[in-house]
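First the structure, in the form of structure tokens, and then the observations on it.
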Amino acid sequence: MDFFIGHYNYWIVIILMMLGFYTVISKGNLVKKIVGLNIFQVSVFLLYISIGTVTGGAAPITTEGVVLYSNPLPHVLILTAIVVGVATTALGLALVVRIKESYGTIEEDEIHECDHSL
Amino acid sequence: MIDVIIDVTVLAFLTITAVAIVRMTNLFAIVMLFGIFSFLSAVMFIGMDAVDVAFTEAAVGAGISTVLMLGTIALTKDRKEKYPGGHRPWLPLAVVIVTGATLVYGTLDIPAFGDLNAPSQKHVAPYYIEKSMEDTGVPNIVTAVLASYRGFDTLGEVVVIFTAGIAVLLLIGGRRRKSDVAGQAGEDDDE
């Protein structure tokens, strides 16, 4: 039972990750694919922060009389990752807008049809 | 105990939202649900003591990402996913289940959630916690590491964002052929 509670976080995060992954590889709509990619990304963040958590630890801000803090290093890495993630999302969405301009659709199947008919 | 209850509840909400996103076909609803997903993950981060991350996720992840996605739906004028069944769902499902099973197998070796003696807690983290105040004079350890110990890392991050901003401008910034709206979106994306 202790093992289950200790790993519950990781397992749910993996389920979320796989839901995002499934959206990316099985859905044809490009905007939905990017939403799936973002879900995957947020799940990775949750996994990292879970690894850095210490039971009973305080938020990593130096305070008088507090000795136990959560691990600040994953927080720093994920802060960087969140901002970079938004940059990649913006780039992906810009590509979607361009694809819509050139092909007139954002459905993967229709884009493939356009390519074959050329 | 209350920690565990909050943890389990928010994780349950996150899963429900993610399942709803996978199953829905209305793109506007999908994007709004993604905003909710992002905010719930920010709540989760606060529960796990990562206040700085929660702050950034709520502002950047839930805010800017959602706005960018809404802008894209406005520009592409597609409101619905046309083929909700996807193409052959069985192969992706199999891939996802195999990957998920492998990852779960990998977690069996990970130290339990919140374990103080986990290897990740023993490496450089104690140094940052003990010394950051006297080294940098910044009480917030995350800020101290981000801006001082790993300052070059943050510089690299700025380069990445700059590159992405330029790429977005190159892709849609200069074109005003179809409509003026496309150009405005390019300026918005530059943040």
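Letters A, B, ... mirror the listed sequences (proteins, then strands); counts begin at 1.
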Taking side chain as everything from C-beta outward and backbone as N, CA, C, O, which of these in [X] sits under 4.5 Å from a heavy atom of chain B? Side chain, backbone, both or neither.
{"X": "A/Leu47", "answer": "neither"}
{"X": "A/Ile99", "answer": "neither"}
{"X": "A/Phe45", "answer": "both"}
{"X": "A/Leu46", "answer": "both"}
{"X": "A/Leu16", "answer": "side chain"}
{"X": "A/Ile39", "answer": "both"}
{"X": "A/Ala58", "answer": "backbone"}
{"X": "A/Ile78", "answer": "side chain"}
{"X": "A/Ile106", "answer": "both"}
{"X": "A/Thr80", "answer": "both"}

Find the one option among [options] whose heavy-atom pairs under 4.5 Å with chain B are most numerous.
{"options": "A/Leu95, A/Val31, A/Asn38", "value": "A/Asn38"}
{"options": "A/Leu91, A/Thr23, A/Val24", "value": "A/Leu91"}
{"options": "A/Ile34, A/Thr89, A/Val35", "value": "A/Val35"}
{"options": "A/Ile49, A/Leu73, A/Val13", "value": "A/Ile49"}

Taking side chain as everything from C-beta outward and backbone as N, CA, C, O, which of these in [X] sits under 4.5 Å from a heavy atom of chain A? Side chain, backbone, both or neither.
{"X": "B/Val124", "value": "side chain"}
{"X": "B/Asp7", "value": "side chain"}
{"X": "B/Ala118", "value": "neither"}
{"X": "B/Leu93", "value": "both"}
{"X": "B/Pro111", "value": "backbone"}
{"X": "B/Leu27", "value": "side chain"}

For A/His7 and A/Tyr10, take the angle between the two ring planes, folded into 0 to 90°, and tell me which bin it lands in: parallel under 30, tilted 30 to 60, perpendicular over 60. perpendicular

Close approach to chain A in residues 96-109 of chain B, criterion heavy atom under 4.5 Å: B/Val96, B/Thr99, B/Gly100, B/Leu103, B/Val104, B/Thr107, B/Leu108

Measure across A/Tyr69 and A/Ile61 and return the closest heavy-atom pair with its distance rounded to 0.1 Å. CE2-O, 3.4 Å

Atom of B/Ile73, atom of B/Arg79 and distance for their closest heavy-atom approach: O-NH1, 3.1 Å

For the atom pair OG (A/Ser26) and NZ (A/Lys32), what is the distance rounded to the nearest 0.5 Å? 7.5 Å

Ion pair B/Glu134/B/Lys131, N-O distance below 4.0 Å: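 Salt bridge: no.
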
A/Glu108 bridged to A/Lys27 by N-O distance under 4.0 Å: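 No.
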
Which pairs with one or both residues in residues 43-65 of chain A pass side chain to side chain donor-acceptor pair (under 3.5 Å), sequence neighbours excluded?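 Passing the test, one end in residues 43-65 of chain A: A/Asn9-A/Ser50.
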
Sub-6.0 Å ring centroid separation between B/Tyr128 and B/Tyr149: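 Between B/Tyr149 and B/Tyr128, which both carry aromatic rings, the centre distance is below 6.0 Å.
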
Is there a side-chain contact between A/Ser102 and A/Arg98 in this structure, where contact means two heavy atoms from C-beta onward sitting under 4.5 Å apart?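 Side-chain contact under 4.5 Å: yes.
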
